[in-house]
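A note on names: the letters A, B, ... follow the listed sequences, proteins ahead of strands, and every chain is numbered from 1.
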Amino acid sequence: MHEVGVMENALGIALKRAADEGAHHIHQLTMRIGLLSGVVPEALEFAFDVLTRGTIAEGATLEVEHVPIVCFCSTCRLEFQPDDLFCECPRCHVPSAEVHQGRELELASLEVS
Amino acid sequence: MCKDCGCNIVGEVRIDGKPDSHDHSHPHTHSHDHEHPHTHPHAHDEAHEGDRRTVPVQQAILAKNDRLAERNRGYFKAKGLLVLNVLSSPGSGKTAFIERTVAGLGDRLRVGVIAGDLETDNDAKRLRARGVPTVQITTGNVCHLEAEMVARAMEKIPLDSLDVLVIENVGNLVCPASYDLGEDVRVVLLSVTEGEDKPLKYPVMFRTAQVVVVNKMDIAEAVGFDRDAALRNIRRVAPEATILEVSARTGQGMAQWYTYLEERRRREKGHPPPPSPGTSPA
(Lines give C-alpha, C1' and ligand atoms only; values in the text may rest on other atoms or scores of the structure.)
Protein backbone atom coordinates (compact mmCIF):
# COMPACT_ATOMS: atom_id res chain seq x y z
CA MET A 1 0.00 0.00 0.00
CA HIS A 2 1.32 3.48 -0.77
CA GLU A 3 1.01 5.26 2.49
CA VAL A 4 2.39 8.52 1.10
CA GLY A 5 -0.71 8.88 -1.07
CA VAL A 6 -2.95 7.98 1.85
CA MET A 7 -1.22 10.49 4.11
CA GLU A 8 -1.43 13.20 1.47
CA ASN A 9 -5.17 12.62 1.30
CA ALA A 10 -5.45 12.66 5.09
CA LEU A 11 -3.40 15.82 5.40
CA GLY A 12 -5.47 17.49 2.71
CA ILE A 13 -8.65 16.73 4.63
CA ALA A 14 -7.02 17.96 7.85
CA LEU A 15 -5.75 21.23 6.42
CA LYS A 16 -9.10 22.03 4.83
CA ARG A 17 -10.92 21.29 8.04
CA ALA A 18 -8.48 23.36 10.08
CA ALA A 19 -9.01 26.28 7.71
CA ASP A 20 -12.78 25.92 8.04
CA GLU A 21 -12.36 26.02 11.79
CA GLY A 22 -10.23 29.13 11.59
CA ALA A 23 -7.37 27.28 13.22
CA HIS A 24 -3.74 28.28 12.80
CA HIS A 25 -2.01 25.20 14.10
CA ILE A 26 -2.68 21.51 14.02
CA HIS A 27 -1.14 19.82 17.05
CA GLN A 28 -2.35 16.29 16.56
CA LEU A 29 -4.05 14.13 13.94
CA THR A 30 -5.87 11.03 15.08
CA MET A 31 -6.48 8.30 12.52
CA ARG A 32 -8.49 5.11 12.86
CA ILE A 33 -6.91 2.28 10.94
CA GLY A 34 -8.44 -1.17 10.72
CA LEU A 35 -6.24 -4.24 10.56
CA LEU A 36 -7.92 -5.21 7.27
CA SER A 37 -7.38 -1.84 5.62
CA GLY A 38 -4.05 -2.83 4.09
CA VAL A 39 -2.29 0.20 5.52
CA VAL A 40 0.95 -0.01 7.52
CA PRO A 41 0.93 2.53 10.39
CA GLU A 42 4.74 2.81 10.51
CA ALA A 43 4.82 3.81 6.85
CA LEU A 44 2.15 6.39 7.58
CA GLU A 45 4.31 7.84 10.34
CA PHE A 46 7.19 8.22 7.95
CA ALA A 47 5.01 9.88 5.31
CA PHE A 48 3.48 12.12 7.98
CA ASP A 49 6.86 13.46 9.12
CA VAL A 50 7.83 14.31 5.57
CA LEU A 51 4.54 15.76 4.35
CA THR A 52 3.73 17.99 7.31
CA ARG A 53 6.87 20.08 6.89
CA GLY A 54 6.01 23.60 5.87
CA THR A 55 2.36 23.21 6.76
CA ILE A 56 0.46 24.28 9.87
CA ALA A 57 0.70 20.64 10.96
CA GLU A 58 4.50 20.71 11.15
CA GLY A 59 5.62 19.24 14.45
CA ALA A 60 2.22 17.67 15.08
CA THR A 61 1.87 14.19 16.46
CA LEU A 62 0.12 11.38 14.63
CA GLU A 63 -2.07 9.18 16.81
CA VAL A 64 -3.17 5.90 15.32
CA GLU A 65 -6.09 4.00 16.79
CA HIS A 66 -5.86 0.40 15.63
CA VAL A 67 -9.34 -0.89 14.97
CA PRO A 68 -9.60 -4.63 15.62
CA ILE A 69 -11.27 -6.96 13.19
CA VAL A 70 -14.76 -7.99 14.19
CA CYS A 71 -16.45 -10.73 12.20
CA PHE A 72 -19.90 -12.21 12.32
CA CYS A 73 -20.87 -15.86 11.94
CA SER A 74 -24.43 -15.97 10.64
CA THR A 75 -24.80 -19.63 11.50
CA CYS A 76 -23.95 -19.21 15.17
CA ARG A 77 -25.26 -15.64 15.36
CA LEU A 78 -21.95 -14.81 16.97
CA GLU A 79 -19.82 -11.70 16.68
CA PHE A 80 -16.15 -12.40 17.36
CA GLN A 81 -12.63 -10.97 17.14
CA PRO A 82 -10.26 -13.34 15.33
CA ASP A 83 -6.60 -13.56 16.34
CA ASP A 84 -5.51 -13.32 12.74
CA LEU A 85 -6.73 -11.91 9.45
CA PHE A 86 -9.07 -14.83 8.85
CA CYS A 87 -12.61 -14.78 10.16
CA GLU A 88 -12.89 -18.33 11.41
CA CYS A 89 -15.79 -18.72 13.81
CA PRO A 90 -14.52 -19.88 17.24
CA ARG A 91 -17.61 -21.98 17.72
CA CYS A 92 -18.22 -23.80 14.43
CA HIS A 93 -14.80 -23.15 12.80
CA VAL A 94 -16.36 -22.19 9.49
CA PRO A 95 -14.77 -19.12 7.87
CA SER A 96 -17.13 -16.19 7.67
CA ALA A 97 -17.31 -13.56 4.95
CA GLU A 98 -19.11 -11.03 7.10
CA VAL A 99 -16.80 -8.33 8.46
CA HIS A 100 -18.37 -5.83 10.82
CA GLN A 101 -15.25 -3.89 11.67
CA GLY A 102 -11.63 -3.68 10.59
CA ARG A 103 -11.58 -2.01 7.20
CA GLU A 104 -11.53 1.53 8.50
CA LEU A 105 -9.11 4.07 7.12
CA GLU A 106 -10.21 7.42 8.41
CA LEU A 107 -9.17 10.69 9.88
CA ALA A 108 -11.00 10.65 13.20
CA SER A 109 -10.17 14.01 14.74
CA LEU A 110 -7.77 16.94 14.93
CA GLU A 111 -6.37 18.88 17.81
CA VAL A 112 -6.06 22.49 16.73
CA SER A 113 -5.62 25.97 18.04
CA MET B 1 -0.34 12.43 -6.49
CA CYS B 2 -2.36 15.40 -7.66
CA LYS B 3 -1.73 18.17 -5.20
CA ASP B 4 -4.97 19.97 -5.88
CA CYS B 5 -7.46 17.27 -5.18
CA GLY B 6 -5.40 14.44 -3.77
CA CYS B 7 -6.26 11.93 -6.48
CA ASN B 8 -3.56 9.83 -8.02
CA ILE B 9 -3.89 11.16 -11.51
CA VAL B 10 -0.73 13.02 -12.28
CA GLY B 11 0.69 14.07 -15.62
CA GLU B 12 2.19 10.65 -16.24
CA VAL B 13 -1.15 8.82 -16.44
CA ARG B 14 -2.13 8.35 -20.06
CA ILE B 15 -5.35 7.16 -21.67
CA ASP B 16 -4.54 5.47 -25.00
CA GLY B 17 -1.22 7.29 -25.07
CA LYS B 18 -2.62 10.74 -24.50
CA PRO B 19 -2.02 12.61 -21.24
CA ASP B 20 -5.09 12.51 -19.09
CA SER B 21 -6.99 15.74 -19.64
CA HIS B 22 -7.36 16.25 -15.96
CA ASP B 23 -8.80 19.68 -15.75
CA HIS B 24 -9.54 19.66 -12.03
CA SER B 25 -13.05 20.74 -12.77
CA HIS B 26 -14.69 18.06 -10.74
CA PRO B 27 -16.62 19.32 -7.76
CA HIS B 28 -14.03 20.20 -5.18
CA THR B 29 -14.86 20.01 -1.56
CA HIS B 30 -14.27 23.69 -1.07
CA SER B 31 -17.60 23.50 0.59
CA HIS B 32 -18.40 27.07 1.36
CA ASP B 33 -21.83 25.98 2.31
CA HIS B 34 -20.93 25.70 5.94
CA GLU B 35 -23.61 27.03 8.16
CA HIS B 36 -21.55 28.18 11.10
CA PRO B 37 -20.63 31.83 11.07
CA HIS B 38 -16.93 32.50 11.12
CA THR B 39 -16.90 34.80 14.06
CA HIS B 40 -13.35 35.63 14.94
CA PRO B 41 -13.72 38.20 17.64
CA HIS B 42 -9.98 38.80 17.78
CA ALA B 43 -7.19 37.89 15.44
CA HIS B 44 -5.11 34.94 16.62
CA ASP B 45 -1.76 36.12 15.47
CA GLU B 46 0.13 33.98 17.88
CA ALA B 47 -0.83 30.48 18.92
CA HIS B 48 -2.59 30.39 22.26
CA GLU B 49 -1.60 27.00 23.58
CA GLY B 50 -4.48 27.13 26.01
CA ASP B 51 -6.97 27.36 23.12
CA ARG B 52 -6.32 23.81 21.98
CA ARG B 53 -9.50 22.04 21.08
CA THR B 54 -10.37 18.72 19.50
CA VAL B 55 -12.30 18.83 16.26
CA PRO B 56 -14.07 15.61 15.26
CA VAL B 57 -13.57 14.81 11.56
CA GLN B 58 -14.50 11.14 11.02
CA GLN B 59 -13.87 11.15 7.34
CA ALA B 60 -12.78 8.16 5.31
CA ILE B 61 -9.47 8.85 3.59
CA LEU B 62 -10.55 7.14 0.42
CA ALA B 63 -13.95 8.82 0.46
CA LYS B 64 -13.19 10.67 -2.74
CA ASN B 65 -12.41 7.50 -4.67
CA ASP B 66 -15.43 5.76 -3.17
CA ARG B 67 -17.67 8.63 -4.25
CA LEU B 68 -16.34 8.55 -7.81
CA ALA B 69 -16.69 4.78 -7.86
CA GLU B 70 -20.35 5.09 -6.89
CA ARG B 71 -20.79 7.62 -9.66
CA ASN B 72 -19.23 5.17 -12.11
CA ARG B 73 -21.47 2.44 -10.75
CA GLY B 74 -24.60 4.50 -11.35
CA TYR B 75 -23.50 5.30 -14.88
CA PHE B 76 -22.76 1.65 -15.69
CA LYS B 77 -26.13 0.64 -14.32
CA ALA B 78 -27.90 3.17 -16.49
CA LYS B 79 -26.12 1.63 -19.49
CA GLY B 80 -27.18 -1.87 -18.46
CA LEU B 81 -23.55 -2.97 -18.33
CA LEU B 82 -22.06 -5.79 -16.31
CA VAL B 83 -18.69 -4.51 -15.11
CA LEU B 84 -15.79 -6.69 -13.95
CA ASN B 85 -12.59 -5.67 -12.13
CA VAL B 86 -9.98 -8.33 -12.89
CA LEU B 87 -7.05 -8.49 -10.48
CA SER B 88 -4.02 -10.70 -9.92
CA SER B 89 -0.25 -10.79 -9.63
CA PRO B 90 1.66 -9.89 -12.77
CA GLY B 91 1.72 -12.91 -15.10
CA SER B 92 -1.24 -14.89 -13.75
CA GLY B 93 -2.94 -14.68 -17.13
CA LYS B 94 -5.46 -11.83 -16.87
CA THR B 95 -5.16 -10.80 -20.50
CA ALA B 96 -5.21 -14.41 -21.73
CA PHE B 97 -8.28 -15.05 -19.57
CA ILE B 98 -10.03 -12.05 -21.07
CA GLU B 99 -9.02 -13.06 -24.61
CA ARG B 100 -10.36 -16.56 -24.07
CA THR B 101 -13.56 -15.14 -22.55
CA VAL B 102 -14.18 -12.98 -25.60
CA ALA B 103 -13.49 -15.88 -27.97
CA GLY B 104 -15.70 -18.24 -25.98
CA LEU B 105 -18.63 -15.87 -25.59
CA GLY B 106 -18.78 -15.17 -29.30
CA ASP B 107 -22.06 -13.45 -30.04
CA ARG B 108 -23.63 -14.18 -26.67
CA LEU B 109 -22.28 -11.03 -25.01
CA ARG B 110 -20.43 -8.04 -26.43
CA VAL B 111 -17.31 -7.22 -24.42
CA GLY B 112 -15.23 -4.07 -24.12
CA VAL B 113 -12.04 -3.67 -22.08
CA ILE B 114 -10.25 -0.98 -20.11
CA ALA B 115 -6.71 -2.25 -19.57
CA GLY B 116 -4.34 -0.81 -16.97
CA ASP B 117 -0.54 -1.13 -16.97
CA LEU B 118 2.35 1.00 -15.83
CA GLU B 119 3.82 1.02 -19.31
CA THR B 120 3.11 -0.26 -22.85
CA ASP B 121 -0.15 -0.80 -24.63
CA ASN B 122 0.68 -4.44 -25.35
CA ASP B 123 -2.46 -5.71 -23.65
CA ALA B 124 -4.68 -3.34 -25.59
CA LYS B 125 -2.99 -4.39 -28.84
CA ARG B 126 -3.64 -8.06 -28.13
CA LEU B 127 -7.29 -7.42 -27.41
CA ARG B 128 -7.84 -5.07 -30.34
CA ALA B 129 -6.35 -7.74 -32.61
CA ARG B 130 -9.36 -9.82 -31.58
CA GLY B 131 -11.77 -7.04 -32.38
CA VAL B 132 -12.39 -6.02 -28.78
CA PRO B 133 -13.00 -2.30 -28.21
CA THR B 134 -10.18 -1.50 -25.78
CA VAL B 135 -8.80 1.55 -24.02
CA GLN B 136 -5.33 1.38 -22.48
CA ILE B 137 -4.52 3.32 -19.34
CA THR B 138 -0.78 3.63 -18.72
CA THR B 139 -0.26 4.84 -15.19
CA GLY B 140 3.45 5.61 -15.24
CA ASN B 141 4.30 4.86 -11.65
CA VAL B 142 0.87 4.46 -10.12
CA CYS B 143 0.50 0.89 -8.94
CA HIS B 144 -3.25 0.55 -9.14
CA LEU B 145 -6.28 1.84 -11.01
CA GLU B 146 -8.62 4.34 -9.41
CA ALA B 147 -12.20 5.32 -10.10
CA GLU B 148 -11.20 8.63 -11.67
CA MET B 149 -8.97 6.91 -14.25
CA VAL B 150 -11.79 4.56 -15.18
CA ALA B 151 -14.20 7.47 -15.50
CA ARG B 152 -11.86 9.17 -17.98
CA ALA B 153 -11.15 5.99 -19.92
CA MET B 154 -14.78 5.04 -20.38
CA GLU B 155 -15.37 8.23 -22.35
CA LYS B 156 -13.25 6.65 -25.10
CA ILE B 157 -15.18 3.43 -25.40
CA PRO B 158 -18.58 2.85 -27.10
CA LEU B 159 -20.44 1.67 -23.99
CA ASP B 160 -23.83 1.66 -25.70
CA SER B 161 -22.68 -1.15 -27.96
CA LEU B 162 -21.51 -3.35 -25.10
CA ASP B 163 -23.00 -5.83 -22.65
CA VAL B 164 -19.93 -6.37 -20.49
CA LEU B 165 -17.08 -4.03 -19.56
CA VAL B 166 -13.95 -5.69 -18.26
CA ILE B 167 -11.44 -3.60 -16.36
CA GLU B 168 -8.07 -5.32 -16.33
CA ASN B 169 -6.28 -3.87 -13.32
CA VAL B 170 -2.54 -3.38 -12.91
CA GLY B 171 -0.85 -6.67 -11.99
CA ASN B 172 -0.53 -6.23 -8.24
CA LEU B 173 -2.11 -8.12 -5.36
CA VAL B 174 -1.62 -5.36 -2.82
CA CYS B 175 -2.72 -1.82 -3.72
CA PRO B 176 -5.65 -2.32 -6.10
CA ALA B 177 -7.59 -4.09 -3.35
CA SER B 178 -8.49 -0.81 -1.64
CA TYR B 179 -9.78 1.03 -4.69
CA ASP B 180 -13.37 0.56 -5.71
CA LEU B 181 -13.72 1.29 -9.42
CA GLY B 182 -17.49 0.99 -9.62
CA GLU B 183 -17.49 -2.63 -10.69
CA ASP B 184 -20.20 -5.27 -10.17
CA VAL B 185 -17.89 -8.23 -9.87
CA ARG B 186 -14.36 -8.51 -8.53
CA VAL B 187 -12.51 -11.36 -10.17
CA VAL B 188 -9.19 -12.35 -8.62
CA LEU B 189 -6.98 -14.70 -10.58
CA LEU B 190 -4.23 -16.89 -9.32
CA SER B 191 -2.29 -19.38 -11.40
CA VAL B 192 -1.10 -22.84 -10.42
CA THR B 193 2.52 -21.73 -10.52
CA GLU B 194 2.07 -19.21 -7.70
CA GLY B 195 1.64 -21.55 -4.77
CA GLU B 196 -1.41 -22.82 -2.94
CA ASP B 197 -0.94 -20.42 -0.04
CA LYS B 198 -1.25 -17.30 -2.15
CA PRO B 199 -4.71 -16.45 -0.77
CA LEU B 200 -3.35 -16.66 2.77
CA LYS B 201 -0.52 -14.31 1.88
CA TYR B 202 -2.84 -11.70 0.41
CA PRO B 203 -5.99 -11.90 2.52
CA VAL B 204 -6.97 -8.27 2.04
CA MET B 205 -7.19 -8.77 -1.72
CA PHE B 206 -8.75 -12.23 -1.78
CA ARG B 207 -11.36 -11.30 0.77
CA THR B 208 -12.80 -8.78 -1.70
CA ALA B 209 -13.19 -11.34 -4.48
CA GLN B 210 -16.60 -12.50 -5.62
CA VAL B 211 -14.99 -14.85 -8.11
CA VAL B 212 -11.62 -16.55 -7.70
CA VAL B 213 -10.21 -18.06 -10.87
CA VAL B 214 -7.47 -20.65 -10.61
CA ASN B 215 -5.75 -20.41 -13.98
CA LYS B 216 -3.24 -22.53 -15.92
CA MET B 217 -4.88 -25.78 -14.82
CA ASP B 218 -3.41 -27.39 -17.95
CA ILE B 219 0.02 -27.44 -16.26
CA ALA B 220 -1.20 -28.07 -12.71
CA GLU B 221 0.09 -31.61 -12.62
CA ALA B 222 3.44 -30.67 -14.10
CA VAL B 223 4.09 -28.16 -11.32
CA GLY B 224 2.75 -30.36 -8.55
CA PHE B 225 -0.16 -28.08 -7.74
CA ASP B 226 -2.04 -29.14 -4.61
CA ARG B 227 -5.60 -28.45 -5.64
CA ASP B 228 -7.21 -29.37 -2.32
CA ALA B 229 -4.92 -27.06 -0.40
CA ALA B 230 -5.57 -24.20 -2.80
CA LEU B 231 -9.34 -24.56 -2.59
CA ARG B 232 -9.18 -24.83 1.18
CA ASN B 233 -7.11 -21.65 1.41
CA ILE B 234 -9.36 -19.74 -0.95
CA ARG B 235 -12.43 -20.75 1.07
CA ARG B 236 -10.72 -19.71 4.27
CA VAL B 237 -10.22 -16.15 3.08
CA ALA B 238 -13.18 -15.77 0.72
CA PRO B 239 -15.81 -18.21 1.96
CA GLU B 240 -18.52 -16.92 -0.36
CA ALA B 241 -16.53 -16.55 -3.57
CA THR B 242 -17.39 -18.57 -6.65
CA ILE B 243 -14.31 -20.62 -7.48
CA LEU B 244 -13.48 -21.56 -11.07
CA GLU B 245 -10.62 -23.78 -12.22
CA VAL B 246 -9.67 -23.04 -15.78
CA SER B 247 -7.04 -22.92 -18.42
CA ALA B 248 -7.28 -19.75 -20.46
CA ARG B 249 -4.90 -21.34 -22.91
CA THR B 250 -6.83 -24.56 -23.59
CA GLY B 251 -10.30 -23.33 -22.65
CA GLN B 252 -10.94 -26.04 -20.06
CA GLY B 253 -13.33 -25.00 -17.31
CA MET B 254 -14.39 -21.81 -19.11
CA ALA B 255 -17.96 -22.90 -19.93
CA GLN B 256 -18.97 -22.37 -16.32
CA TRP B 257 -17.54 -18.85 -16.48
CA TYR B 258 -19.57 -17.96 -19.57
CA THR B 259 -22.73 -19.18 -17.87
CA TYR B 260 -21.87 -17.15 -14.78
CA LEU B 261 -21.42 -14.02 -16.89
CA GLU B 262 -24.68 -14.49 -18.75
CA GLU B 263 -26.56 -15.05 -15.52
CA ARG B 264 -25.01 -11.99 -13.84
CA ARG B 265 -25.68 -9.83 -16.87
CA ARG B 266 -29.31 -10.88 -16.90
CA ARG B 267 -29.51 -9.87 -13.26
CA GLU B 268 -27.90 -6.48 -13.91
CA LYS B 269 -30.34 -5.73 -16.70
CA GLY B 270 -33.24 -6.84 -14.54
CA HIS B 271 -34.30 -9.67 -16.77
CA PRO B 272 -35.70 -12.77 -15.12
CA PRO B 273 -33.54 -15.87 -15.54
CA PRO B 274 -34.68 -18.29 -18.25
CA PRO B 275 -36.75 -21.32 -17.20
CA SER B 276 -34.50 -24.19 -16.15
CA PRO B 277 -34.16 -27.00 -18.71
CA GLY B 278 -36.76 -29.75 -18.30
CA THR B 279 -39.64 -27.44 -17.48
CA SER B 280 -42.11 -26.66 -20.19
CA PRO B 281 -42.00 -23.12 -21.51
CA ALA B 282 -44.65 -20.77 -20.11
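A donor atom on one side chain and an acceptor atom on the other are found under 3.5 Å apart for B/N85 and B/N169. In summary, the side chains of A/Q28 and A/T61 do present a donor paired with an acceptor at a separation below 3.5 Å, with no hydrogens or angles considered.
No more than 12 heavy-atom neighbours from other residues, nucleotides or ligands sit within 6.0 angstrom of OH on B/Y75.
Put simply, CD on A/E3 and CD1 on B/I61 are 12.0 Å apart, with the number rounded to the nearest 0.5 Å. Here A/E21 contributes atom CD and A/I26 contributes atom CD1; the two are 10.5 Å apart, rounded to the nearest 0.5 Å. Note that the CG atom of A/L105 and the CG atom of A/L44 stand 7.5 Å from one another [nearest 0.5 Å]. Here B/F76 contributes atom CZ and B/D184 contributes atom CG; the two are 8.5 Å apart, rounded to the nearest 0.5 Å. One finds the CG atom of A/L110 at 11.0 Å from the NE2 atom of A/H27 (value rounded to the nearest 0.5 Å). Atoms CG and NZ, on A/N9 and B/K64 in that order, are 8.5 Å from each other to the nearest 0.5 Å.
Heavy atoms closer than 4.5 Å to chain A are found in both the backbone and the side chain of B/R53. Neither the backbone nor the side chain of A/R32 comes within contact range of chain B, judged by heavy atoms closer than 4.5 Å. Using a 4.5 Å cut-off between heavy atoms, A/T30 does not touch chain B at all. Only the side chain of A/I13 comes within contact range of chain B, with heavy atoms under 4.5 Å apart. Interface remark: A/M31 contributes side-chain atoms only to the contact with chain B (heavy atom separation under 4.5 Å). Contacts of A/A97 with chain B are made by both backbone and side-chain atoms, with heavy-atom separations under 4.5 Å.
Of residues 228-239 of chain B, those residues with a non-hydrogen atom less than 4.5 Å from any non-hydrogen atom of chain A are, in numerical order, B/R235, B/R236, B/V237, B/P239. Identified by a heavy-atom distance below 4.5 Å to chain B, contributing residues of residues 64-71 of chain A are lacking entirely. Within residues 52-60 of chain A, no residue has any heavy atom under 4.5 Å from a heavy atom of chain B.
Proximity of a side-chain donor or acceptor of A/E104 to a complementary backbone N or O of A/G102 within less than 3.5 Å is detected. Judged by distance alone, the side chain of B/R186 and the main-chain N or O of B/M205 form no donor-acceptor pair under 3.5 Å. Side chain of B/D180 to main chain of B/A69: no donor-acceptor pair is present (N/O by atom type, distance under 3.5 Å, no hydrogens or angles).
With a 4.5 Å cut-off on side-chain heavy atoms, B/E245 and B/R227 count as touching. The shortest distance between side-chain heavy atoms of B/E183 and B/L84 does not fall below 4.5 Å.
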Exercise for the section: In sequence, state the C-alpha distance, the side-chain angles, and the governing distance for B/E70 and B/R73, and then conclude on salt bridge (charged side-chain N to carboxylate O under 4.0 Å, His left out). Expected result: CA-CA 5 Å; B/E70 272 311 309; B/R73 192 165 271 120; 2.7 Å; yes

For residues 72-95 of chain A, which side-chain donor-acceptor pairs fall under 3.5 Å, sequence neighbours excluded?
unit_1	atom_1	unit_2	atom_2	d
A/E79	OE2	A/H100	ND1	2.7
A/D84	OD1	A/F86	N	2.9

